[in-house]
2 protein chains.
Amino acid sequence: MHPNLQHILTLAHLLEFGKGGACVEITTTELGNIISRSQQSASKYLVELEKAGLLERTKAGQKFRIMITDRGVDEVLNLHETIKGSIEVLDRSGLQLDGKVVSGMGEGAYYMSLEGYRSQFNEKLGYEPYAGTLNLKLLNQSSVRMRSMMDNYPSVFIRGFTDSSRSYGWVKCYPAILNDGAVDKAAVIVLERTHYDNSMLEVIAPIGIKDLLGIKNGDFVKVFVTMTPKDPLLKTT
Amino acid sequence: MHPNLQHILTLAHLLEFGKGGACVEITTTELGNIISRSQQSASKYLVELEKAGLLERTKAGQKFRIMITDRGVDEVLNLHETIKGSIEVLDRSGLQLDGKVVSGMGEGAYYMSLEGYRSQFNEKLGYEPYAGTLNLKLLNQSSVRMRSMMDNYPSVFIRGFTDSSRSYGWVKCYPAILNDGAVDKAAVIVLERTHYDNSMLEVIAPIGIKDLLGIKNGDFVKVFVTMTPKDPLLKTT
DNA sequence: ATTACTAGCTTCCGAGTAC
DNA sequence: TGTACTCGGAAGCTAGTAA
């Protein structure tokens, strides 16, 4: 009995269901729902996984108490590594996002000019952002996907601060170039307290981007995030 | 025709094979080898994936040129997220490693005492390591797994330096507690230039760990890495 | 050399049902 | 309530082979 992909994915769901604890209590009906199979199939999976030594079961009343073995966890981690490997290849080519210029520069621009942020920008990015951010609406789902992946990328971290009246959240900066280098010292910023969704991008630079590129609302901009998650030097406290 | 897990995994392998580029050139025989199926099955997979809109093919001589669509990449990323979700649950409960004390404290101890490192330890960890590291041999494959996962964890980064005679590599420190808190200010260290394999662990602490715990070679030690990858504050430059 | 169809065997899936 | 067996139909896999 050789476990196949579905078996390993079932194992992964069991791990998740058990919140990583030592053992899981779940009925075959529940499991069937989770993996989108019948109760009967779920039952069969459990029997087969047990035979393969990837989990152990002990009767607990009518139910079973399931313990995933080390080998079981290994199988899940292996599968994860395989898929991760294929995705990291996307990382290495860098994140590229296509967007359309939209208005809405009021808010970001104001925040970026606050002294509590400006000194940190100077120190960590080497420049002060121009008083006005570039707001982009991402154009395709590939870009939105890249945007999501950015969360796991290394960033230049700008701490939040508190003044007499209120507190301000952190800002993560992802150094980037625009339009193949036409602007080479820009950064995508992600605010702790933002109201935008993942299909929007906010970009800063030391100069006025719109003027420099000669663009206006509705024009296309190509953003290329330059830091990759491969460099261990970027992770420190 | 609904693609199943094997289809998505095939897609992942195609991504990897194509090194993330826009298109892949691969024969069905090659693909069959990669996914451990026959040439015929590989061919069928490609036909089905195309029908499902997850890739497109154009004839290039006898071969095909394969382009994975956005939806195709999405499917791979989705699968990745699912599995990631199930193992992040392991993360949240923290990394726990079981090891056995072995000798071999010479090298690490010497390096850790160098001024170029010591000042950074003081600044970033808040203590100077005791002159002697604890070397552990990991006891089970689960621990070795955890050891590998550590690479993706946030760490306290100690820069390398150069003195008159040679240069010294960086050190990554992963704060940890030993034996359920018997030692609560320790750190697993990973050296840029190490000769150990992944089944070994090197631990520092402000005091002599062996004396404090009253342990000797061959005794068991439980290591619990306390930082989790969830905290965005840890990623800065 | 390729891709991909067909035939036949194997495995998977779920309804029914025993316990 | 539970788990898990049988069994018929569906889907998957490969060898042979056409193109």
Side-chain angles (χ1 to χ4, degrees), chain A residues 1-15 17-18 23-69 72 75-76 79 82-83, chain B residues 1-15 17-18 23-69 72 75-76 79 82-83:
Chain A
M1 178 71 251
H2 286 288
N4 63 17
L5 271 190
Q6 304 269 359
H7 287 93
I8 309 305
L9 196 66
T10 302
L11 222 39
H13 280 119
L14 283 172
L15 267 181
F17 187 87
C23 60
V24 200
E25 282 198 28
I26 190 173
T27 68
T28 51
T29 309
E30 286 172 314
L31 180 59
N33 287 333
I34 292 177
I35 63 176
S36 302
R37 292 283 126 81
S38 65
Q39 173 269 320
Q40 291 87 340
S41 293
S43 170
K44 203 163 158 233
Y45 275 44
L46 290 179
V47 171
E48 289 163 347
L49 284 166
E50 185 168 30
K51 266 188 197 149
L54 304 185
L55 58 78
E56 287 165 12
R57 296 186 298 171
T58 49
K59 262 248 156 70
Q62 283 184 318
K63 301 181 173 185
F64 272 115
R65 174 170 293 129
I66 297 166
M67 299 201 314
I68 295 162
T69 63
E75 289 292 336
V76 177
L79 179 57
T82 303
I83 299 175
Chain B
M1 179 68 250
H2 285 288
N4 63 18
L5 269 189
Q6 305 268 1
H7 287 93
I8 310 305
L9 196 66
T10 302
L11 222 40
H13 280 117
L14 283 171
L15 267 182
F17 188 87
C23 60
V24 200
E25 283 198 29
I26 189 174
T27 68
T28 50
T29 309
E30 286 172 313
L31 180 58
N33 287 332
I34 292 177
I35 64 175
S36 302
R37 292 285 125 82
S38 66
Q39 173 270 321
Q40 291 86 341
S41 292
S43 170
K44 204 164 157 229
Y45 274 42
L46 290 180
V47 172
E48 289 163 348
L49 284 167
E50 187 167 30
K51 266 186 197 150
L54 304 186
L55 58 79
E56 287 165 12
R57 295 188 298 170
T58 51
K59 261 247 156 70
Q62 282 183 320
K63 300 180 173 184
F64 272 115
R65 175 169 293 129
I66 298 166
M67 298 200 315
I68 295 162
T69 63
E75 289 292 335
V76 177
L79 179 57
T82 303
I83 298 175

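It should be emphasised that the depicted structure is a prediction, and the values quoted were computed from it without experimental measurement. We name chains A, B, ... by the order of the sequence lines, and we start the count at 1 in each one. Only this structure's heavy atoms are used, side chains among them; waters, hydrogens and symmetry mates stay out.
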| said: Measuring from the side chain of T28(A) (C-beta onward, heavy atoms only), which nucleotide among dG12(D), dA4(D), dT3(D) has the closest atom? | reply: dT3(D)
| request: Check whether the side chain of Q40(A) and the base of dG16(C) form a donor-acceptor pair under 3.5 Å. | output: yes
| message | Heavy atoms only, 4.0 Å cut-off, all strands: where does S43(A) land among base, sugar-phosphate and nothing? | response | base
| task | Let me know the distance between CD1 of I35(B) and C1' of dC13(D), rounded to the nearest Å. | result | 11 Å
| Between S43(A) (side chain) and T28(A) (backbone), is there a donor-acceptor pair under 3.5 Å? | no
| Given dA4(C), dA4(D), dT3(C), which nucleotide is nearest the side-chain atoms of V47(B)? | dA4(C)
| task | Write down the distance between CD1 (I26(A)) and P (dA4(D)), rounded to a whole number of angstrom. | result | 14 Å
| query | Roughly how many Å is it from NE2 in H2(A) to C1' in dC13(D), rounded to a whole number? | reply | 15 Å
| field | Donor-acceptor under 3.5 Å (T69(A) side chain, G53(A) main chain) | value | yes
| query | Roughly, in whole Å, what's the span from CD in E50(A) to P in dT3(D)? | reply | 13 Å
| field | Closest nucleotide among dT14(D), dC13(C), dA4(D) to the K44(A) side chain | value | dC13(C)
| Any idea which of dT3(C), dA4(D), dG2(D) is nearest the T27(B) side chain? | dT3(C)
| query | Is atom CZ of R65(B) surrounded by more than 12 heavy atoms (other residues, nucleotides or ligands) closer than 6.0 Å? | reply | no
| request: Report yes or no: does E75(B) contribute a side-chain atom to a donor-acceptor pair with the main-chain N or O of L54(B) at less than 3.5 Å? | output: no
